[in-house]
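What follows is a single structure, written as structure tokens, with notes after it.
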Amino acid sequence: MLNIISLISGGVFGFGLALSGMVNPSKIIGFLDITGNWDPSLLFVMAGGVLVTIISFRFILNRPTPVFGGKLILPTKQDIDPQLLAGAGLFGIGWALGGFCPGPALSALAYGNEKVFIFVGAMIVGITLAKIGLRSLNPA
């Protein structure tokens, strides 16, 4: 049952990304080009996501357990460290250069564009290298 709910949730998320244009790199780059021909439409998509999160989290955080899971896992770390800044910087650079962030890139695989496959492959390599690098810095 949990896998079916996960599949439906992922499908709805991917459909929303496609409907909003977030799987189109030129739309993302148009949004990030604030000194050129700026396309503010993505701002409404982000505001909609924030609004849904604000409303839904009031209900979610008041529940003792998630509806379809055993335990709600929330981040506990609240400090800003060099790893967070480096990761955020790399994410932003990758988003600006490729026009994708991970969710839309995975959703865009459905279109079969070879550039998307290259982006996702590079993303997987980058994630793997970051994990290896973090393990070498923080051996447990």
Side-chain angles (χ1 to χ4, degrees):
M1 181 66 174
L2 185 60
N3 289 339
I4 293 172
I5 297 298
S6 298
L7 181 63
I8 292 170
S9 298
V12 169
F13 181 66
F15 177 75
L17 292 172
L19 185 65
S20 66
M22 288 192 68
V23 295
N24 181 355
S26 63
K27 186 134 182 114
I28 303 301
I29 291 170
F31 173 72
L32 297 174
D33 187 12
I34 57 174
T35 59
N37 191 17
W38 187 51
D39 177 6
S41 61
L42 192 56
L43 195 60
F44 296 106
V45 174
M46 291 179 178
V50 169
L51 182 64
V52 168
T53 301
I54 289 172
I55 293 170
S56 63
F57 265 52
R58 300 186 101 196
F59 299 105
I60 291 169
L61 296 177
N62 284 331
R63 295 187 50 83
T65 61
V67 175
F68 297 108
K71 182 180 176 187
L72 187 61
I73 301 171
L74 296 172
T76 57
K77 192 173 179 182
Q78 295 186 355
D79 56 328
I80 297 173
D81 60 14
Q83 290 175 346
L84 175 65
L85 294 175
L90 287 173
F91 179 90
I93 291 169
W95 197 35
L97 290 175
F100 284 119
C101 62
L106 292 175
S107 297
L109 287 174
Y111 296 123
N113 184 329
E114 73 180 40
K115 290 180 180 177
V116 177
F117 282 94
I118 292 170
F119 180 90
V120 170
M123 182 176 74
I124 291 170
V125 169
I127 290 169
T128 303
L129 290 175
K131 284 185 175 184
I132 292 170
L134 287 174
R135 263 191 235 129
S136 68
L137 290 175
N138 304 316

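Throughout, numbering of the chain's residues begins at 1 and tracks the sequence.
Using a 4.5 Å cut-off between side-chain heavy atoms of Ile, Leu, Val, Met, Phe, Trp and Tyr, with links allowed through other members, Phe31 and Leu17 fall into the same hydrophobic cluster. In the hydrophobic clustering of this structure, Ile118 does not group with Ile124; members are Ile, Leu, Val, Met, Phe, Trp, Tyr whose side-chain heavy atoms approach within less than 4.5 Å, directly or through other members. A chain of hydrophobic side-chain contacts below 4.5 Å, direct or via other Ile, Leu, Val, Met, Phe, Trp or Tyr residues, connects Val67 to Met1. In the hydrophobic clustering of ILVMFWY residues, with side-chain heavy atoms under 4.5 Å counting as a link, Leu32 and Leu43 come out together. Under the 4.5 Å side-chain heavy-atom criterion for Ile, Leu, Val, Met, Phe, Trp and Tyr, Ile5 and Phe13 are members of distinct hydrophobic clusters.
Remark: Ile80 CD1 is loosely packed, at most 12 non-hydrogen atoms of other residues, nucleotides or ligands lying under 6.0 Å away.
Take Asp33 and apply the side-chain contact (heavy atoms from CB on, under 4.5 Å) test, not counting sequence neighbours, and it matches Thr35. Every residue meeting the side-chain contact (heavy atoms from CB on, under 4.5 Å) condition with Ile8, not counting sequence neighbours, appears here in chain and number order: Ile4, Val12. By the side-chain contact (heavy atoms from CB on, under 4.5 Å) test, Leu2 pairs with Ser6, Phe68, sequence neighbours left out. By the side-chain hydrogen bond (donor to acceptor under 3.5 Å, both in side chains) test, Asp81 pairs with Lys77, sequence neighbours left out. Residues passing the side-chain hydrogen bond (donor to acceptor under 3.5 Å, both in side chains) test with Ser26, sequence neighbours excluded: Asn24.
Of all non-hydrogen atoms in Val23 and Ala18, the two that sit nearest each other are CG2-CA, 3.8 Å.
Interatomic distance, Leu42 CG to Ile28 CD1, rounded to the nearest 0.5 Å: 4.5 Å.
Side-chain heavy-atom separations under 4.5 angstrom define the hydrophobic clusters, and the remaining members of the one that includes Leu129 are Val125. Applying the 4.5 Å side-chain rule to ILVMFWY residues, one finds Val50 in the same cluster as Ile54. Ile60 forms part of a hydrophobic cluster together with Phe57, Leu61, Leu72, Leu74, judged by ILVMFWY side-chain heavy-atom separations under 4.5 Å. Under the 4.5 angstrom side-chain criterion for Ile, Leu, Val, Met, Phe, Trp and Tyr, the cluster partners of Ile55 are Leu51, Phe59.
Applying the side-chain hydrogen bond (donor to acceptor under 3.5 Å, both in side chains) test to pairs two or more places apart or on separate chains, none has a residue in residues 51-66. Residue pairs that meet the salt bridge (Lys or Arg N to Asp or Glu O under 4.0 Å) test with at least one member in residues 39-49, sequence neighbours left out, are Lys27-Asp39.
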Acceptor/donor pairs from residues 87-116 side chains to any protein atom, 3.5 angstrom cut, sequence neighbours excluded:
from, atom 1, to, atom 2, distance (Å)
Ser107, OG, Gly103, O, 3.2
Asn113, OD1, Lys115, N, 2.8

